[in-house]
Number of protein chains: 2
Amino acid sequence: MSKRPKTANNTGMTGRKRATSYDVAKAAGVSQSAVSRVFQDGASASKAMRDRVVAAANKLGYRPNAIARGLITQRSNMVAVVISKLTNLYYPEVLEQLTQRFSEQGIRVLLFALEHEGDADKVVDQMLQYRVDGILTAAMFTPGQMKTIDNAHIPVVFYNRTLKNHQVCSVRCDQEEGERWLVDELVRAGHRTFGIIEGPADSVVASERKMGALNELANMGITDITIVSGEYGYETGRECFSRLMARRGSAPDAVIAASDAMAIGCIDEAREGYALKVPDDISIVGFDGVGPARFAAYDVTTIRQPVKRMAQSAASMLIERIENPDLSPEKRAFSGTLIRGSSARLRSADE
Amino acid sequence: MSKRPKTANNTGMTGRKRATSYDVAKAAGVSQSAVSRVFQDGASASKAMRDRVVAAANKLGYRPNAIARGLITQRSNMVAVVISKLTNLYYPEVLEQLTQRFSEQGIRVLLFALEHEGDADKVVDQMLQYRVDGILTAAMFTPGQMKTIDNAHIPVVFYNRTLKNHQVCSVRCDQEEGERWLVDELVRAGHRTFGIIEGPADSVVASERKMGALNELANMGITDITIVSGEYGYETGRECFSRLMARRGSAPDAVIAASDAMAIGCIDEAREGYALKVPDDISIVGFDGVGPARFAAYDVTTIRQPVKRMAQSAASMLIERIENPDLSPEKRAFSGTLIRGSSARLRSADE
DNA sequence: TCCCCGTTTGCATTCGAATGCAATACTGCC
DNA sequence: GGCAGTATTGCATTCGAATGCAAACGGGGA
């Protein structure tokens, strides 16, 4: 026979331990199940019961224990959000949108920030230990990691990434399309020689962007192309630009940078290091459409990702999968929009 | 007598449910307690036992259930991190540092992003439901909210904020000192008329900065001061600057903006809207020392907060309080460092 | 060989809420 | 008043791991 001694709050005021549903039940003179039901949505409870319980609960400062609830319901109501390099100018907006969407749905966000995209191993372990209901990741997982996650039947949505040889959910901005668009516009406006500032090697997004640009340049018959590579970020942008100049000897007509931050770095280096006028002497374009790209001193021509819609979409895609685990994988691709800043000479939209 | 039927994984391979310590115990032919102990740090277990259990666990893909563990140990190993306005250029760095410190200590971060500093009510409720071990907040709590949290005996550390009439832990950068420093330097360099661009009314930090600047200006006998107020952020910075100009009729010698983003806005507006040369015609200073403040086109003179040390300090302060709840409240204040950018005419450091 | 003491191990209970089932309370209706 | 039918309520069990206690084990010394 299981007895429940339940020392509980002697005084009901200064108790060192937090009130449980049993304490509330005792205080209200009802059963624990009743308390439980009052604090659920669809459960049946008379108004009288509800009032008594709520009154007792308030007096005791009772709050249902989400941990205990999670144990019995097999639902933690938490999702893991994995992000690499938070200081990247782009991610904060994504993260903000995601947490907002999730919390609207009563879902909490367990945040995992990776220093590099590769550090996911320990993180995967943690996510599984905490029995998150789903995973939304803006970092890559290895096939081994995916297998682990699949075995645990946890739905995953990739943000701006996807996994070859593995059917997964993803929401992304079409990077290649965006780069094609930029290239088309640049070529149409007469640019013939190009520099490409490539992003970090471990970033899928970076390589998609590079390939998008290169393919389209090839299509257009452009052959004078110089590629230099670095990390995302302002400082590397500057450094890459000077490497580019060193490599070529003279400035190309246009530079395609892998991110806005790098584009801004290029602009500064072009102006300060090489006395080039942007866009008169050289056009520089970026990607993302982050806030600082709109600073007047740069006004970067770029592809703006529809972050809000993407995040919204990713969140609901994940929530759907949590509610119905048998939904088949789905990939959604969004198109970016071209922002005609003054960092590049383009023909106006209606020409 | 409590029996444990434990249907568990029939096959051990394709089981729909995740393996538990009982499954591992059965597979290894040992007791559940043994499994539990193998997966703990200080617990006693022979090497033979350890090997058998680990082998079985690996075969079954077992991972301890952190939820169940939290229930029995009364420790969730999660802390709540509350941040308002993630898209503020300043917070991502803080958040990154915090998550890093916490995860080094085996603590997970439950993220709560507020749209406005006032939205904390629901958030407090959630934090308590999830039984977080501690709270680190970069948003204000009302006295009522603090009372709720105190009753639950959850340690709280405020980041760049503090609560009057309430002894709390906090880590902050001395905003007033920083502003005094800026003012001193500006006055010493001959600036006599000032504009102050104030931050949002609901931000404690903003008002500390304003008061710091005003007090020191008064000390120095400066009386020609115009104050305009807005939100943090680039766009408001621009807009505030033109309001400032409209209000005064002519440009002040110097503008003190409540944040770097606003300072950058002011610089752009001064240049574009009023053809002013920065810093020749007007000096503009900011606060924070965020990344974009170092972009060459702005090179903002500002106070850089030692974010890394502050975050580190805040995290360990919270961890200490979690481990020893009886530690008395403590406030730590860090000094910022002056960054002599080219957005303001200052006398050089050694003059 | 026997005994003592320190390790390992297992047993049984515990954490706090949810829930299937059975018991009870209400409702309306004849 | 009596009865069927529904809405509430309570009982007992469950989720998965941790842990105090006692039993079993192992090694060393006499």
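Every chain is numbered from 1, with letters handed out A, B, ... down the list of sequences.
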J.: Whole Å only: how far is the CG atom of B:D23 from the C1' atom of D:dG16?
T.: 10 Å
J.: Specify the separation, in whole Å, of atom NZ of B:K47 and atom C1' of D:dC25.
T.: 19 Å
J.: Rounded to whole angstroms, how far apart are CZ on A:R18 and C1' on C:dC15?
T.: 14 Å
J.: Run the salt bridge (charged side-chain N to carboxylate O under 4.0 Å, His left out) test against A:D150 and tell me which residues pass, sequence neighbours left out.
T.: none
J.: Does A:R63 reach a base, just sugar-phosphate, or nothing at all? Heavy atoms under 4.0 Å.
T.: sugar-phosphate
J.: Is A:Q74 near enough to D:dG16 that one of its side-chain N or O atoms lies under 4.0 angstrom from OP1 or OP2?
T.: yes
J.: Give the rounded distance in Å between these two atoms: CD of B:Q129 and P of C:dA17.
T.: 10 Å
J.: To the nearest Å, how far apart are B:D51 CG and C:dT9 P?
T.: 11 Å
J.: For A:R52 and D:dG10, what is the distance between atoms CZ and P respectively, to the nearest whole Å?
T.: 9 Å
J.: For C:dT9, take OP1 and OP2 only and decide whether either is under 4.0 Å from a side-chain N or O of B:S31.
T.: no
J.: Can you measure B:N65 atom CG to D:dG16 atom C1' for me and round it to whole angstrom units?
T.: 6 Å
J.: I'd like to know if A:R321 pairs up with A:E323 as an ion pair, taking the criterion as any Lys NZ or Arg NE/NH1/NH2 lying under 4.0 Å from an Asp or Glu carboxylate oxygen.
T.: no
J.: Please list, for nucleotides 18-24 of chain D, all pairs of protein and nucleotide N/O atoms separated by less than 3.5 Å.
T.:
unit_1: D:dA18; atom_1: OP1; unit_2: B:R69; atom_2: NE; d: 2.3
unit_1: D:dA18; atom_1: OP1; unit_2: B:R69; atom_2: NH2; d: 3.0
unit_1: D:dA18; atom_1: OP2; unit_2: B:S36; atom_2: OG; d: 2.7
unit_1: D:dA18; atom_1: N7; unit_2: B:Q32; atom_2: NE2; d: 3.2
unit_1: D:dA18; atom_1: N6; unit_2: B:Q32; atom_2: OE1; d: 3.1
unit_1: D:dT19; atom_1: OP2; unit_2: B:Q40; atom_2: OE1; d: 2.9

J.: Based on the rotation axes of five pairs at each end, what angle does the helix from C:dT1-D:dA30 to C:dC30-D:dG1 bend through, to 10°?
T.: 40°
J.: Which of these passes side chain to side chain contact (heavy atoms under 4.5 Å, CB included) with A:M127: A:V79, A:V82, A:V81?
T.: A:V82
J.: For DNA chain C, whose closest nucleotide is more 5', that of B:R131 or that of B:M49?
T.: B:M49
J.: Check whether A:D23 reaches the backbone of A:T20 with its side chain - one donor and one acceptor, N or O, closer than 3.5 Å.
T.: yes
J.: So A:F141 and A:P143, do their side chains get closer than 4.5 Å, heavy atoms only?
T.: no
J.: Quiz question: by atom type and distance under 3.5 Å, do the side chains of B:R332 and B:S313 form a donor-acceptor pair?
T.: yes
J.: In terms of side-chain heavy atoms, does B:N324 have a donor or acceptor partner in B:E320 at a distance below 3.5 Å?
T.: no
J.: Go through the side-chain N and O atoms of B:D121 and B:Q145 and say whether any donor and acceptor fall under 3.5 Å apart.
T.: yes
J.: Just by distance, with hydrogens left out, do B:R101 and B:Q312 show a side-chain donor and acceptor under 3.5 Å apart?
T.: yes
J.: Output the rounded distance in Å from OH (A:Y130) to P (D:dA17).
T.: 13 Å
